[in-house]
Amino acid sequence: MIKLIVGSRGSGKTKKLLEQINDAAKTSAGNVVCLDKTLKLRYDVDSNVRLVDMDAYGICGFDIFYGFILGLMAGNYDITHVFVDSILKVGGPEKDLEGLGAMFDKLSGVAEIKDVNLVFTVSADENMLPENMKKYL
């Protein structure tokens with residue numbers, strides 16, 4: 001299942017994400033993973049959460065991100081939740097919402113098969129989202 005936390009910069013998306021991360025860490029019977037462009041969340045997430053700095057792995061572009069997520073899930077069958085902060089930064093400076101929606105569509109099937117919850121923060125107003133992303137709200 002894919003869920004989005006959307007809003008403009010400073011609207012509290014990361015705070016909502018942190019609440020969900022820490023709740024999942026307390027209740028999950030498996031592993032919880034948080035992907036971030038930096039390690040700015042390191043002091044805010046539960047110590048049981050695996051925090052991954054996407055920049056350390058050179059993840060830039062939605063295709064590379066998609067492959068990284070597939071590798072992550074293939075290498076660990078116990079992942080129940082993956083949280084991603086600032087997913088639009090992964091796609092590059094052009095903020096490709098259509099491309100992001102297409103990636104979500106591909107990931108949706110994998111998440112369902114693997115029974116993994118994927119939660120993303122997206123820095124955009126809800127009314128700016130293309131139709132292929134609105135179904136994940």
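When a residue number appears, it is its place in the shown sequence, counting from 1. From a predicted model like this one, the values you see are computed outputs, not experimental measurements.
- Between L100 atom CG and M133 atom CE the span is 4.0 Å, to the nearest 0.5 Å.
- A continuous path of ILVMFWY side-chain contacts below 4.5 Å connects L4 to V33, so both sit in one hydrophobic cluster.
- Within 6.0 Å of CG on D63 lie no more than 12 heavy atoms contributed by other residues, nucleotides or ligands.
- Atom NZ of K16 sits in a sparse spot, with 12 or fewer heavy atoms from other residues, nucleotides or ligands closer than 6.0 Å.
- Within 6.0 Å of CD in E112 there are 12 or fewer heavy atoms belonging to other residues, nucleotides or ligands.
- Checking side-chain atoms of D96 against main-chain N and O of G99 turns up a donor-acceptor pair under 3.5 Å.
- Looking at every heavy atom in both residues, K37 comes nearest to S86 through CG-O, 4.4 Å.
- Considering only heavy atoms from C-beta on, L51 stays 4.5 Å or farther from L35 through its side chain.
- Using a 4.5 Å heavy-atom threshold, the side chains of K3 and L118 count as separate.
- Hydrophobic clustering keeps I21 apart from V90 (ILVMFWY residues linked when any side-chain heavy atoms are closer than 4.5 Å, directly or through intermediates).
- Both Y57 and I64 are part of a single hydrophobic cluster, where members link through side-chain heavy atoms under 4.5 Å apart.
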Problem set entry | Chi angles and distances behind the side-chain contact (heavy atoms from CB on, under 4.5 Å) call for V32, F83 | CA-CA 8 Å; V32 177; F83 296 92; 3.6 Å; yes
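- More than 12 heavy atoms of other residues, nucleotides or ligands shown are found within 6.0 angstrom of CG on D125.
- The main-chain N or O of N48 is found under 3.5 Å from a side-chain atom of D46 such that the two form a donor-acceptor pair.
- S108 and I2 get closest at one heavy-atom pair: N-CD1, 3.6 Å.
- Rounding to the nearest 0.5 angstrom, the gap separating the CE atom in M73 from the CG atom in D115 is 11.0 Å.
- Here K114 contributes atom NZ and I79 contributes atom CD1; the two are 9.5 Å apart, rounded to the nearest 0.5 Å.
- Annotation: the span from M1 atom CE to L107 atom CG amounts to 14.0 Å, rounded to 0.5 Å.
- Evaluation of the ring-ring contact (aromatic ring centres under 6.0 Å, His included) rule for F104 yields F120, Y136 as partners, not counting sequence neighbours.
- Under a 3.5 Å cut-off, the side chain of N22 and the backbone N or O of D44 do form a donor-acceptor pair.
- I87 and L18 are members of different hydrophobic clusters when ILVMFWY side chains are connected at heavy-atom separations under 4.5 Å.
- Seen from the ring of Y66, K106 counts as a face-on cation partner, given the 6.0 Å and 45° thresholds.
- Between R42 and D36 there is no salt bridge, since none of the side-chain N atoms of the basic residue sits less than 4.0 Å from a carboxylate O of the acidic one.
- The main-chain N or O of V116 is never found under 3.5 Å from a side-chain atom of T80 such that the two would form a donor-acceptor pair.
- Closest non-hydrogen pair, S123 versus L88, comes out as O-CD1, 3.7 Å.
- Note on I5 and M128: separate hydrophobic clusters, where clusters join Ile, Leu, Val, Met, Phe, Trp and Tyr whose side-chain heavy atoms are under 4.5 Å apart, directly or indirectly.
- Summarising the geometry of K13 relative to V6, their closest heavy-atom pair is CD-C, 3.7 Å, with the distance given to 0.1 Å.
- Contact between N132 and A102 at its shortest, heavy atoms only, is ND2-N, 3.5 Å.
- Remark: the backbone N or O of S8 is paired with a side-chain donor or acceptor of S11 at under 3.5 angstrom.
- With a 4.5 Å cut-off on side-chain heavy atoms, D105 and K135 count as touching.
- Using a 4.5 Å heavy-atom threshold, the side chains of V82 and N117 count as separate.
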Exercise. Going through the distances and angles, do S28 and H81 end up as a side-chain contact (heavy atoms from CB on, under 4.5 Å)?
Worked result: CA-CA 8 Å; S28 175; H81 296 79; 4.0 Å; yes
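- Crowding of K95 atom NZ: a count of heavy atoms from other residues, nucleotides or ligands under 6.0 Å not exceeding 12.
- Scanning both residues, F62 and M103, for their nearest heavy atoms gives O-SD, 3.5 Å.
- Applying the 6.0 Å contact sphere to NZ of K89 captures no more than 12 heavy atoms from other residues, nucleotides or ligands.
- Counting non-hydrogen atoms of other residues, nucleotides and ligands closer than 6.0 Å to NZ of K15 gives a total of 12 or fewer.
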